S.K.: 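Got a structure here, written out as structure tokens. Questions coming.
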Amino acid sequence: MRGRSDGGQKKRLITSVCAVAIFLGFLYVYYGSIFGSSSNGASALEYGSKSLRKIGSSYLGGDDESSTKSGLEDGDVVPKTFPVCDDRHSELIPCLDRNIIYQMRLKLDLSVMEHYERHCPPPERRYNCLIPPPPGYKVPIKWPQSRDEVWKANIPHTHLAHEKSDQNWMVVKGEKIVFPGGGTHFHYGADKYIASIANMLNFSHNNLNNEGRVRTVLDVGCGVASFGAYLLSSDIIAMSLAPNDVHQNQIQFALERGIPAYLGVLGTKRLPYPSRSFELAHCSRCRIDWLQRDGILLLELDRLLRPGGYFAYSSPEAYAQDEEDLRIWKEMSALVERMCWRIAAKRNQTVIWQKPLTNDCYMERAPGTNPPLCRSDDDPDAVWGVPMEACISPYSDHDQKAKGSGLAPWPARLTSPPPRLADFGYSNEMFEKDMETWRQRVENYWNLLSPKIEANTLRNLMDMKANMGSFAASLKERNVWVMNVIPEDGPNTLKLIYDRGLIGTTHNWCEAFSTYPRTYDLLHAWTVFSDIEKKGCSAEDLLLEMDRILRPRGFIIIQDKQPVIDFVRKYLSALHWEAVATADSSSDSEHEGDNVVFIVQKKLWLTSESILNSE
């Protein structure tokens, strides 16, 4: 048979080969459009295309597929549906993705934590698929119960429970993960530890709030954020900060619990917060080498602390007597003395340093003392992508004269015109008008949301373009917290937000945000789409990013021009969102032209594979 000629067999073979070639060509075009060009070495296979799935009949609550054209620009093609990324991307953080670092062959200095800093994929390497929830995903437990327990299925990682079993970080109990409130240096509970810090500082009633004078706190290397969790009852809000390191998912646990948190690292770039933002910085066994690079990391904390601010440091160096710890303590003590910090209190495992109120000590140092003062042209509030410098940021003339930040105690500071308003040429009247405008807008938003939400439906909120923070300020009486985001290329009003006792970060919405998927209950996008259109960025990419960070059954409030609303509407089916309400903005005391309010809700869906895996 091998030597026999068979024309019919050859024809069938040729036909089969052609059919296979056409099918493979279709796969190449289809998945190539999902993952972009492979010209830089990234293939669809590298990005896990093997398990891409369409959602429709294969997810719970599927929609009929529809196809429309147009968008922010005429001629845009709206997809019938987005494919689903495979399950191993269920916790994808695009700008903190190790695969990107490896595939782009970035040469990073691991000794200074560059690999934990943001490295975003270029447009041709971005995912164009929906991030699936993990198998068995459930609607998160509501606050305040969530402070103490979350569903294990939502964050199926228990290695920290085993690794930190002697420190009471977290405990697995059946279908839940429970948080007893412990930490590396406070095994018996964060509440007792917090009270002990207040006692060391002689604050009345052992309350770290200090009658409203301590409001914003930075917790560096926060673990699962139990320190920040237990500060909330004292009217203190902490920015709990940690990288996506060997303690993977610690920030994801914090946000699942309903605690303010952000993925970040003290590496080579400034943290995305303005100068003089925090009354207290805290590090409990955070394993940071504060002496490296001429003390540059400690000087970054110095930039962020307010006049008279505190740094509470709990670590073996503060009390251990072995040779290495004694050496570190001696060198660190000498460094902070040259920085004009003084020891406010020291007890057992903890030392608390205090930053000076004025520039006087800096001026009295001997010539040539290191660290030096920063250059006069250095802007201490410029943070987006700005390298850290090993220098001291002196106070402004206002702070020097005021001998402090001049802030009212909390809660009065929320509605008092911040002293730094003058930096923007804003008047007190403009501030008060902004407050009233947003009070009315938020009242209108909640009236539109009221058929869909109860008192505890929402917890983690994000204002994607926060301006002066009045959206968040208008929500003070509700049991929520707001991540206030300031665009990196606009007025740097984030310092006004911190001066009001709120928290937030700087960001560029042409890139992915530094958070895990499914971490926010509500996103507020006030003219954000119009802004990125002016910058030439992809509105479709922004929609996919918003879907990534929004929890299932979460809400998005968009206030923008009518063409933007029309554009978003065309994507509802593909994203598996549904319209909740639409209203014009004519009810505002300050009319926004032809702006429209559009509220959507993300559906809870599971892939068929997830359902099978969870059964």
Side-chain angles (χ1 to χ4, degrees), residues 85 89-97 118 127 130-134 137-147 149-157 160 170 177 179 219 222-226 228-229 232 237-245 247-264 272 456-464 466 472 479-485 503-505 507 509 511-525 542-557 575 577 600-605:
C85 305
H89 298 309
S90 69
E91 294 172 353
L92 176 70
I93 311 162
C95 293
L96 296 170
D97 182 9
R118 289 174 57 84
Y127 290 83
L130 301 179
I131 304 296
Y137 182 86
K138 300 180 181 182
V139 173
I141 294 169
K142 303 302 182 186
W143 183 267
Q145 184 183 351
S146 64
R147 187 195 74 171
E149 60 181 22
V150 302
W151 295 116
K152 182 174 67 175
N154 291 7
I155 310 179
H157 301 282
L160 277 178
M170 48 191 272
I177 294 175
F179 301 88
D219 187 16
C222 64
V224 293
S226 289
L232 289 166
I237 189 164
M239 178 65 81
S240 296
L241 182 81
N244 184 23
D245 62 5
H247 294 149
Q248 294 171 16
N249 309 95
Q250 52 193 337
I251 292 297
Q252 190 178 16
F253 278 119
L255 290 164
E256 184 76 8
R257 297 172 69 187
I259 302 164
Y262 185 81
L263 277 164
N456 66 349
T457 301
L458 306 175
R459 174 59 185 170
N460 303 351
L461 277 58
M462 179 187 290
D463 190 357
M464 298 172 67
N479 216 354
V480 301
W481 68 272
V482 179
M483 179 68 78
N484 293 280
V485 181
I503 62 169
T505 188
H507 187 62
W509 283 114
E511 301 175 358
F513 193 77
S514 293
T515 194
Y516 285 89
R518 303 173 299 279
T519 45
Y520 285 87
D521 298 299
L522 184 145
L523 307 177
H524 175 236
L542 180 58
L543 286 172
L544 286 167
E545 173 62 6
M546 293 167 76
D547 182 80
R548 183 185 73 86
I549 64 182
L550 189 67
R551 285 173 167 173
R553 296 189 181 166
F555 297 88
I556 298 174
I557 302 174
L575 290 162
W577 297 355
V600 299
Q601 184 176 22
K602 177 179 176 177
K603 295 180 180 180
L604 172 61
W605 54 266

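Treat the numbers as computed from the prediction; the structure is a model and nothing was measured. Reckoned from all heavy atoms, side chains included, excluding hydrogens, waters and symmetry mates.
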S.K.: The criterion is side-chain contact (heavy atoms from CB on, under 4.5 Å); which residues satisfy it with Ser146, sequence neighbours excluded?
M.R.: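 By the side-chain contact (heavy atoms from CB on, under 4.5 Å) rule, Ser146 matches Ile141, Trp143.
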S.K.: Using the side-chain contact (heavy atoms from CB on, under 4.5 Å) criterion, which residues pair with Ala512? Sequence neighbours excluded.
M.R.: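 Partners of Ala512 by the side-chain contact (heavy atoms from CB on, under 4.5 Å) criterion, ordered by chain and then number, come out as Pro94, Cys95, Glu545, Arg548.
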S.K.: Are Phe253 and Tyr516 near enough that their ring centres are under 6.0 Å apart?
M.R.: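 Between Tyr516 and Phe253, which both carry aromatic rings, the centre distance is not below 6.0 Å.
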S.K.: Has the side chain of Asn460 got a donor or acceptor atom that lies under 3.5 Å from a matching backbone atom of Leu255?
M.R.: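 Between the backbone of Leu255 and the side chain of Asn460 there is a qualifying donor-acceptor contact (under 3.5 Å).
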S.K.: Before you tell me yes or no, could you show the steps for Arg518 and Ile131 under side chain to side chain contact (heavy atoms under 4.5 Å, CB included), namely the whole-Å CA-CA distance, both residues' side-chain angles and the distance that decides it to 0.1 Å?
M.R.: CA-CA 9 Å; Arg518 303 173 299 279; Ile131 304 296; 3.9 Å; yes
S.K.: Evaluate the criterion salt bridge (Lys or Arg N to Asp or Glu O under 4.0 Å) for residue pair Arg551 and Asp521; output intermediate values, then yes/no.
M.R.: CA-CA 6 Å; Arg551 285 173 167 173; Asp521 298 299; 3.0 Å; yes
S.K.: Set out, in order, the CA-CA distance, both residues' side-chain angles and the distance that settles side chain to side chain contact (heavy atoms under 4.5 Å, CB included) for Leu544 and Leu130, then state yes or no.
M.R.: CA-CA 7 Å; Leu544 286 167; Leu130 301 179; 3.6 Å; yes
S.K.: Donor-acceptor pair, distance only, cut-off 3.5 Å: does the side chain of Arg553 make one with the backbone of Gln601?
M.R.: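 It does not hold such a pair.
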S.K.: side-chain hydrogen bond (donor to acceptor under 3.5 Å, both in side chains) between Gln252 and His157: does it pass, once the steps are laid out?
M.R.: CA-CA 10 Å; Gln252 190 178 16; His157 301 282; 4.9 Å; no
S.K.: Please walk me through it: do Met170 and Gln250 pass side chain to side chain contact (heavy atoms under 4.5 Å, CB included)?
M.R.: CA-CA 11 Å; Met170 48 191 272; Gln250 52 193 337; over 6 Å; no
S.K.: With rounding to the nearest 0.5 angstrom, report the OG1 to CD distance, Thr519 to Glu91.
M.R.: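 Between Thr519 OG1 and Glu91 CD, I get 11.5 Å after rounding to 0.5 Å.
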S.K.: Does Leu550 have any side-chain contact (heavy atoms from CB on, under 4.5 Å) partners at least two apart in sequence or in another chain, and if so, which?
M.R.: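 side-chain contact (heavy atoms from CB on, under 4.5 Å) check on Leu550 returns Leu523, Ile556, Lys602.
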S.K.: Please work out whether the ring planes of Trp509 and His507 are parallel, tilted or perpendicular, with thresholds of 30° and 60°.
M.R.: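 The arrangement is perpendicular - the two ring planes meet at more than 60°.
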S.K.: Counting distance only, does the side-chain N/O of Arg257 pair as donor-acceptor with the main-chain N or O of Val224 below 3.5 Å?
M.R.: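 Yes; judged by distance alone, with no hydrogens or angles, the pair exists.
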S.K.: Looking at Asn154 and Tyr137, would you say the former's side chain and the latter's main chain have a donor-acceptor pair under 3.5 Å?
M.R.: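 Side chain of Asn154 to backbone of Tyr137, a donor-acceptor pair under 3.5 Å: no, none is there.
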